Structure formats: structure tokens, C-alpha cells
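Proteins get letters first, then strands, A, B, ... in listed order; numbering begins at 1 in each. Quick caveat, the model's predicted, so the values are computed rather than measured. All values below come from the heavy atoms of this structure, side chains included, with hydrogens, waters and symmetry mates left out.
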Amino acid sequence: MAVRFSCGGVGIAQAGTVVDLRGWVNRRRDHGGLVFVDIRDRDGITQVVFDPALPEAFALGHTLRNEDVIAVAGAVRARPPGTENPKLATGAVEVAASELRVLSRSQTPPFPVNEEVDVDESLRMQYRYLDLRRPRLQRNLTIRHKLVKAMRDFFDERDFLEIETPNLIKSTPEGARDFLVPSRISPGSFYALPQSPQLLKQILMIGGIGRYMQIARCFRDEDSRADRSVEFTQLDVEMSFVEEDDVMAVMEECIVYVWQKALGHAIPQPIVRIEYADALRRFGSDKPDLRFELELRDVAPLFADTPIQFLHGHARSEGSRIVAVRYPGGASLSRRDFDALTETAKSFGAGGLIWISFAQDGWKSSIAKLLDDATVAALREAAGAQAGDALLLVAGPSAEASDVAGRLRLHVGDRLNLRDAAAYAFCWVVDFPLFERDPETGGLAPTHHPFTAPLPGQDALLDSDPLAMRAQHYDLVLNGTELGSGSIRIHDVDFQHRIFADVFKLPEAEIADRFGFFMEALRYGAPPHGGMAWGLDRLAALACGATSIRDVIAFPKNQNGRDLMMDAPSPVPAGALRELGLELKKSR
RNA sequence: GGCGUUGUAGCUCAGUUGGUUAGAGCGCCGCCCUGUCACGGCGGAGGUCGAGGGUUCGAGCCCCUUCAACGUCGCCA
């Protein structure tokens with residue numbers, strides 16, 4: 001009686017036992033008088049030998065092709081000395097096939113399943129079931145599973161309830177475009193798919209749940225990127241009767257636990273906290289990559305008396321920065337290299353780029369004629385440049401200069417291979433401003449979302465100087481990627497109303513229409529509460545060393561939001577539209 | 001919507017200054033092969049060069065338009 005084993009599960013311990021293996025033909029090596037077939041499942045690969053001594057199985061073995069699905073019964077035996085394969089976990093043994101059944105034949109696959117070669121991503125998506133058989137996705141989905149499992153275990157142990165929130169909800173535009181779902185029973189009315197369960201989890205707190213978590217699917221009808229898709233998954237968490245430090249402590253414990261469980265990696269604690277303003281000043285970003293140093297240096301004072309026209313203003317203006325990015329070894333770059341760097345800086349939004357290099361035989365610069373030795377020496381000192389380094393200088397209004405310099409820093413980090421995919425540098429970013437200026441409307445916009453509470457004691461600033469308000473808002477950042485945001489929420493209905501009415505200037509009717517249900521809930525004893533949400537796809541991608549979240553999603557959508565396997569979205573029959581009370585306009 | 005990269009055999013790619021019949025490796029098909037594991041040997045099939053238009057005696061290569069994939073800016077509270 002053959003015993004079922006996985007294709008990665010047989011070893012020398014099974015020698016002599018008759019096993020039953022099921023799986024896919026990974027490869028066939030047909031010697032004419034002897035046939036080797038590697039059989040594969042999620043667990044691994046085992047070599048099966050077909051010998052002419054058993055003519056029936058042997059004859060059928062000849063006909064096998066890659067990706068055929070087979071069941072093989074045979075005795076496990078140690079391989080003849082010298083023929084062991086150390087590259088295979090099961091390489092000490094082989095299965096001598098006594099019985100072969102072909103469960104399913106496969107057409108020739110459109111791309112190799114048994115090799116880790118790069119294949120055009122749209123082809124991989126169209127034949128996702130084949131891509132899923134390959135080691136990379138099997139490994140990534142396994143890691144993702146472990147992450148999610150660890151999260152559920154972690155929160156379960158701490159008395160959190162996992163609660164599902166609906167996917168068909170009310171459209172309450174939250175910045176991103178909603179996906180709308182027409183209602184058959186209420187023609188002309190639409191559900192929206194949630195951009196996040198934000199209001200629902202707050203209402204769960206009002207509902208006395210106290211501690212909530214969910215692995216929640218979210219939808220935003222915006223253009224995709226490598227790190228974001230129209231449909232994505234969040235770890236969503238909310239807690240009652242907590243302050244910032246309580247939430248951050250739990251979430252920090254969580255990431256440490258999860259990283260240990262899923263990756264066996266110990267995150268050093270405590271995770272460093274960086275104030276928002278500091279992050280911008282030192283790294284030019286509110287999601288700094290701490291895998292490498294190269295901190296930005298302000299050098300504006302050195303240009304206070306500069307004759308250089310375009311620097312002069314920025315050197316003296318409160319709202320401007322002149323920032324130096326150190327490029328270790330940059331003195332060996334050619335003028336052409338610096339020209340290319342300048343183009344790169346311009347693509348980041350810079351007006352231009354000043355460079356200074358410190359070679360053995362003296363300094364060079366794009367503005368050499370306008371610099372003197374003393375200024376250059378002071379610059380070198382201020383920016384901490386060593387012999388052989390170069391400095392890249394960016395000047396402009398603070399926000400722009402910080403952003404460009406921050407991107408240049410990352411660019412230099414990339415060029416010098418300082419951004420190690422196997423390293424994990426976490427940090428908290430705290431002390432965000434509550435509001436920021438919306439450059440389009442000129443009005444105020446929430447930095448996080450309109451339910452974020454300010455630091456205690458700042459309520460009065462709402463009328464006098466809202467831009468000076470700081471939020472009880474914290475981001476968790478890993479390797480320059482924002483994993484997630486959280487905050488303490490407003491639980492006072494009057495203050496929440498002032499945010500909508502006084503700050504965002506929403507008309508009463510609109511507040512009532514969009515948020516009426518929520519405002520009403522706040523009137524019935526809302527506990528102080530706060531929480532956080534993490535982008536699970538991003539987290540998984542970083543954990544797997546994947547460059548795109550599509551490599552940690554079983555059935556991802558492409559850049560245009562299309563599912564290439566199912567070919568969705570697709571037109572629907574006219575009758576389906578009629579039933580929904582919808583009529584299509586002729587396109588264009 | 002903007003910018004960039006890419007598009008040549010089933011896959012991954014090469015293709016010179018515009019010049020004969022568009023190539024390679026892998027895969028596929030057939031035959032041979034009893035210790036391979038990227039098995040090996042011999043033979044073979046397979047191409048609207050993304051699509052459309054143009055320049056030219058002649059276009060895979062030059063020009064215009066367009067489609068698609070990916071990256072990125074805008075956008076994503």
C-alpha cells in the first residue's frame with residue numbers, strides 16, 4: 001500500500017517504503033532505455049525513475065511532457081553512489097516508478113514554468129495559474145500568509161476582535177476617487193467600495209468593541225504604481241481609551257512579532273522616532289530611508305553674502321533652503337556625469353543643480369568662477385565632505401528644495417548600492433502638522449484625514465493659526481516606504497464639526513449628507529480612540545524583497561487596473577444595464 | 001493627462017551605415033540513447049519584425065500616427 005508523500009517530503013528515511021506522489025512534471029530526461037522525471041508540487045521536487053523492467057509505466061513515462069499532472073507509485077531508494085544531487089533537498093533518493101497514472105495532460109506552456117527566467121509581466125498575468133506554480137510566487141505567497149497569520153495571532157492574544165466591515169458602503173469621497181456600484185433596487189443610486197474602513201472602525205469603537213482589527217480590502221480608483229493598485233489590502237486596527245503611545249506601542253510590538261515569526265528577523269527596539277520637521281530637514285522626506293546615512297546639510301549661511309544672484313535670495317529667506325547632498329567618491333565623476341545628475345535633479349523638479357567635487361588636485365565646480373577657496377572650504381566642512389567626495393547643492397523654497405534633495409539622496413544611495421534589499425530600517429515619523437496648504441484650492445487640507453485629533457491643548461489654534469497645529473498622527477516607515485499611518489481620532493462632535501465647517505468650509509448640507517450618520521454616532525457617547533492601518537501589500541513586498549506589490553498578490557491587476565486573466569473590466573449586456581437604470585453615452 | 005523605457009520565433013534576446021533568403025539560446029516536433037538532473041546526439045517545424053501610414057530603387061533599421069506593457073510625474077485626504 002503506497003503512502004502519500006509530498007514531492008519535497010521524501011528522504012533517505014523513506015528508503016524501502018512505497019510512496020504515492022502527485023504533482024506536475026517539472027522536467028523529463030529521456031535516455032531511451034531509462035527515463036528520469038522530476039515531479040513537483042508546492043513542497044518540492046523528487047526524481048522519479050522509469051525502468052524498462054516495468055514496461056507499462058516505462059512506456060507511459062516516455063509520453064510525459066512538462067506540466068502534465070501525474071500520480072506515481074514506487075519504492076523510495078537511495079540513489080546509486082555518485083549520482084546524488086546536492087542541489088535538490090530530496091537529492092539523496094529517487095522513486096523507482098512501479099505505477100504511473102496521468103491525471104491531466106498539459107499543453108506546452110507559453111513560458112517556462114520550471115525556470116526562474118524573467119517573463120513579460122502581462123503574459124505572466126494572463127496565465128497567472130502557470131506563474132503561480134513557479135517558486136517565486138509560491139515563496140512570496142507563503143511569506144504573505146505567514147505575515148497575516150502572525151498578525152491575527154498577535155492581535156488575538158491581545159484581546160482584539162477581527163470584525164468584517166461591508167464592501168458596499170456609502171460614497172463619502174475621502175480624497176481618492178470612489179469605485180461606484182449601481183443599485184438595482186434603488187435605480188440612480190450607488191454604493192461605493194470602501195477606500196478604507198475608517199469611519200466604520202471608528203463607529204465600532206462607539207459601538208463598544210474596544211479593540212478591533214481586520215485584514216481589510218480597500219479600493220481607490222486612482223492610477224496604479226509599483227507600490228499601489230486600485231484594489232489593495234490593509235491591516236486595519238482601532239482601539240478605545242488610548243493615546244498615541246499606546247497605539248504605537250502595540251503596533252511596534254506587532255511589527256517586531258510579525259517580522260520574527262514570518263522572516264525570523266529580529267527588529268532592534270525601540271524603533272527610532274523622528275519628528276516630521278526633522279525628517280524633512282535631515283532626509284528631505286517624511287518617509288526617510290534610514291538604511292544609509294548621507295544626511296542633508298543646510299549650507300544657506302555660507303551664501304549669505306554671495307554674489308550669486310539666484311542663491312542670494314534663498315540664502316536669506318526664512319522659507320527657503322540651500323541643501324547639500326554628499327556624494328561619496330563623487331569627485332571621480334566626469335563633467336558629463338554631473339550633467340546627467342543635473343538632468344536627474346531637474347526631473348525631480350529642481351531648477352538646476354550646483355556641484356562641487358573635491359579631487360586630490362583641488363576642487364572643481366559648476367559655479368567655479370563664482371566661488372572662492374574659503375567658501376569652498378567652509379562648504380566642505382559644513383557638509384562633512386571627504387577628499388574624493390562631491391557635493392550636490394539644491395536651492396529653493398523649503399518644501400521643493402527638501403523634496404529634490406531627498407530624491408537626490410536616494411538617487412545617490414541607489415548608485416552606490418547603499419539601499420540593501422535585505423536590510424530593514426524601520427522608523428516612526430511623528431509630530432505631523434494637522435493641516436497643510438492645498439496648492440490647488442489655496443485652502444487647508446488634512447495632512448492625514450479630517451478625523452485626526454490635534455495634540456492636546458491646541459484646539460484654540462484652530463481659529464488663529466491652524467497651520468501651526470500638530471497632529472496626534474504617526475507613520476511607520478520601512479526603507480523609505482510608508483507602511484502605514486495612524487492617529488488619535490477626534491471624538492468630540494463639536495470639534496469634528498468645526499473641522500468640517502470652519503477649516504474645510506464644507507456647507508452644512510454637505511456635512512449632513514456625507515457625514516451625518518457619523519456625526520450622529522459621535523453624539524451618543526464616543527470614547528476617545530485611535531488606531532492605525534498598514535499597507536499589507538507593501539509590507540509583504542518588502543518582506544519578500546519584491547520590487548512590486550504585484551509579486552505578492554495572487555491575482556493582481558495591471559497598471560490600467562485590468563485583470564488580464566479574466567479580462568476585466570468588460571462590457572455588460574444591455575439588459576444588465578437596463579435593469580440598473582443605466583444608459584451608456586456613446587464614447588467620444 | 002505628461003515624460004521615459006520597451007515591443008523581432010512559444011520564451012529570453014541579437015540584428016552593423018537603410019541593401020541578397022531576419023539570426024542565436026531555450027522551448028516544441030521526429031528519430032537515437034540505461035544514471036541523468038540545464039542529460040546528450042542527429043534532423044525538423046516555427047516570423048503580418050506590435051499596428052497603420054510615409055520617405056526611398058530598397059525599411060526590422062529613417063519619419064509621422066497609433067496600440068500595449070512597465071517605470072515615473074500629476075493623482076493617491
Side-chain angles (χ1 to χ4, degrees), chain A residues 26-40 45-53 58 61-62 65-67 77 79-88 90-91 94 96 106-127 130 172-178 195-196 198-199 218-230 232 343-344 346-349 403 407 432 434-436 438-441 443-452 471 473 482 485 487 499-500 503-504 533 535 547-548 550 556-560 562 564:
Chain A
N26 191 62
R27 200 181 290 280
R28 172 175 125 265
R29 291 177 295 281
D30 192 336
H31 289 227
L34 193 65
V35 181
F36 299 98
V37 169
D38 292 338
I39 180 170
R40 181 196 70 232
I45 290 177
T46 296
Q47 172 167 286
V48 177
V49 187
F50 293 92
D51 192 278
F58 180 70
H62 276 303
R65 294 294 181 271
N66 287 349
E67 303 311 317
R77 66 184 183 209
R79 294 198 190 187
T83 66
E84 301 89 351
N85 183 355
K87 285 187 251 175
L88 221 51
T90 61
E94 61 192 9
S106 172
Q107 295 186 12
T108 302
F111 58 84
V113 175
N114 55 10
E115 291 174 45
E116 293 247 48
V117 292
D118 275 334
V119 176
D120 181 72
E121 202 176 353
S122 56
L123 195 68
R124 289 172 50 206
M125 287 208 227
Q126 185 185 346
Y127 295 94
L130 297 180
T172 61
E174 296 172 29
R177 234 171 265 119
D178 275 331
Q195 296 182 24
S196 80
Q198 180 62 34
L199 289 176
C218 308
F219 307 86
R220 293 179 190 174
D221 188 4
E222 299 290 349
D223 287 4
S224 299
R225 290 284 188 279
D227 64 351
R228 63 177 213 242
S229 178
V230 289
F232 62 101
E343 285 312 304
T344 303
K346 285 181 179 170
S347 77
F348 295 156
D403 183 52
R407 289 167 191 255
F432 280 81
L434 186 58
F435 305 113
E436 46 195 19
D438 183 338
E440 264 178 45
T441 65
L444 294 178
T447 304
H448 184 31
H449 57 49
F451 316 107
T452 305
H473 164 196
E482 180 198 314
S485 287
S487 63
I499 297 283
F500 286 135
V503 182
F504 301 134
T547 52
S548 158
R550 296 185 297 272
K557 293 178 173 50
N558 76 359
Q559 195 165 76
N560 294 319
R562 297 201 67 84
L564 296 176

Sugar-phosphate, base or nothing in reach of A:R407, heavy atoms under 4.0 Å: sugar-phosphate
Phosphate OP1/OP2 of B:rC39 contacted by A:R27 side-chain N/O (<4.0 Å): yes
B:rU55 versus B:rG18 - spacing of their C1' atoms, nearest Å: 11 Å
Identity of whatever pairs with B:rA24 - Watson-Crick or G-U, under 3.5 angstrom: B:rU12
Nearest-nucleotide 5' precedence on RNA chain B, A:K557 against A:R225: A:K557
Separation of the P atoms in B:rG71 and B:rC31, to the nearest angstrom: 45 Å
Interatomic distance, A:F36 CZ vs B:rG40 C1' [rounded to whole Å]: 13 Å
Touch class at under 4.0 angstrom, heavy-atom based, for A:D120 against every strand present: sugar-phosphate
Pairwise C1' distance for B:rA45 and B:rG50, with rounding to whole Å: 24 Å
Derivation of the side chain to side chain contact (heavy atoms under 4.5 Å, CB included) call for A:R220 and A:F232: CA-CA 8 Å; A:R220 293 179 190 174; A:F232 62 101; 3.7 Å; yes
Spacing between A:D223 atom CG and B:rG1 atom P, to the nearest angstrom: 9 Å
Separation of atom CD in A:E94 from atom P in B:rC37, rounded to whole Å: 14 Å
Sidechain-backbone polar pair: A:H449 side chain, A:F451 backbone, donor-acceptor under 3.5 Å: yes
Sugar-phosphate, base or nothing in reach of A:D118, heavy atoms under 4.0 Å: sugar-phosphate
Under-4.0 Å salt bridge between A:D403 and A:R407: yes
A:Q47 side chain near B:rU36 phosphate (N/O to OP1/OP2, under 4.0 Å): no
Parallel, tilted or perpendicular, as decided by the 30° and 60° cut-offs, for the rings of A:F504 and A:F500: tilted
Check: B:rG40 base within 3.5 Å donor-acceptor of A:R28 side chain: no
Base of B:rC11 and ring of A:F111 stacked, centres under 5.5 Å, planes under 30°: no
Sugar-phosphate, base or nothing in reach of A:R77, heavy atoms under 4.0 Å: base
Whole-Å P distance, B:rG53 and B:rC13: 29 Å
A:H448 and A:H473 aromatic ring geometry - parallel, tilted or perpendicular at 30°/60° bounds: parallel
Short side-chain to backbone donor-acceptor contact, A:R27 and A:I39, under 3.5 Å: no
d(CD, A:E115; C1', B:rC39) in whole Å: 14 Å
base_contact_polar (B:rG10 base, A:Q107 side chain, donor-acceptor, <3.5 Å): no
Interface with RNA chain B, restricted to residues 80-88 of chain A and to heavy atoms under 4.0 Å: A:P80, A:T83, A:E84, A:N85, A:K87
Base B:rU36 paired with A:R79 side chain (donor-acceptor, <3.5 Å): yes
Pairing partner (Watson-Crick or G-U wobble, both distances under 3.5 angstrom) of B:rU36: none
Touch class at under 4.0 angstrom, heavy-atom based, for A:P450 against every strand present: base
From CA spacing to verdict: side chain to side chain contact (heavy atoms under 4.5 Å, CB included), A:S224, A:V230: CA-CA 6 Å; A:S224 299; A:V230 289; 4.2 Å; yes
Step-by-step side chain to side chain contact (heavy atoms under 4.5 Å, CB included) determination, A:R177 to A:Q195: CA-CA 9 Å; A:R177 234 171 265 119; A:Q195 296 182 24; over 6 Å; no
Nearest-angstrom distance, C1' atom, B:rA22 to B:rC33: 34 Å
Nearest-angstrom distance, C1' atom, B:rU8 to B:rA14: 10 Å
Euclidean distance, atom CD of residue A:E222 to atom P of B:rC73 [Å, nearest integer]: 14 Å
Nearest-angstrom distance, P atom, B:rA24 to B:rU5: 30 Å
Pairing nucleotide - B:rC57, Watson-Crick or G-U, each distance under 3.5 Å: B:rG19
N or O in side chain of A:R550 less than 4.0 angstrom from B:rG71 OP1/OP2: yes
Polar contact flag, side-chain donor to acceptor under 3.5 angstrom, A:R29-A:Q47: yes
Most 5' of A:N66 and A:S548 on RNA chain B, judged by nearest nucleotide: A:N66
Verify stack between A:H31 ring and B:rC39 base, 5.5 Å, 30 degrees: yes
Whole-angstrom distance between B:rG15 and B:rG23, as gauged at atom C1': 7 Å
Closest contact, heavy atoms only, A:V35 versus A:F58: CG2-CE1, 4.0 Å
Whole angstrom value for the distance that separates C1' of B:rA77 from CZ of A:R177: 14 Å
Sugar-phosphate, base or nothing in reach of A:T447, heavy atoms under 4.0 Å: sugar-phosphate
Counter-base of B:rG71, judged by Watson-Crick or G-U geometry with both distances under 3.5 Å: B:rC3
Rounded distance in Å - CZ (A:R29) to P (B:rG40): 11 Å
Ion pair check, A:D30 and A:R28, cut-off under 4.0 Å: yes
Side-chain N,O (A:R65) to OP1/OP2 (B:rC29) below 4.0 Å: yes
Distance in angstrom units between A:D227 CG and B:rG71 P, rounded: 9 Å
Sugar-phosphate only, base, or nothing, as touched by A:E121 at under 4.0 Å among non-hydrogen atoms: sugar-phosphate
Phosphate contact (B:rA69 OP1 or OP2) by A:N560 side-chain N/O below 4.0 Å: yes
Side-chain donor/acceptor of A:R228 to base of B:rC75, under 3.5 Å: yes
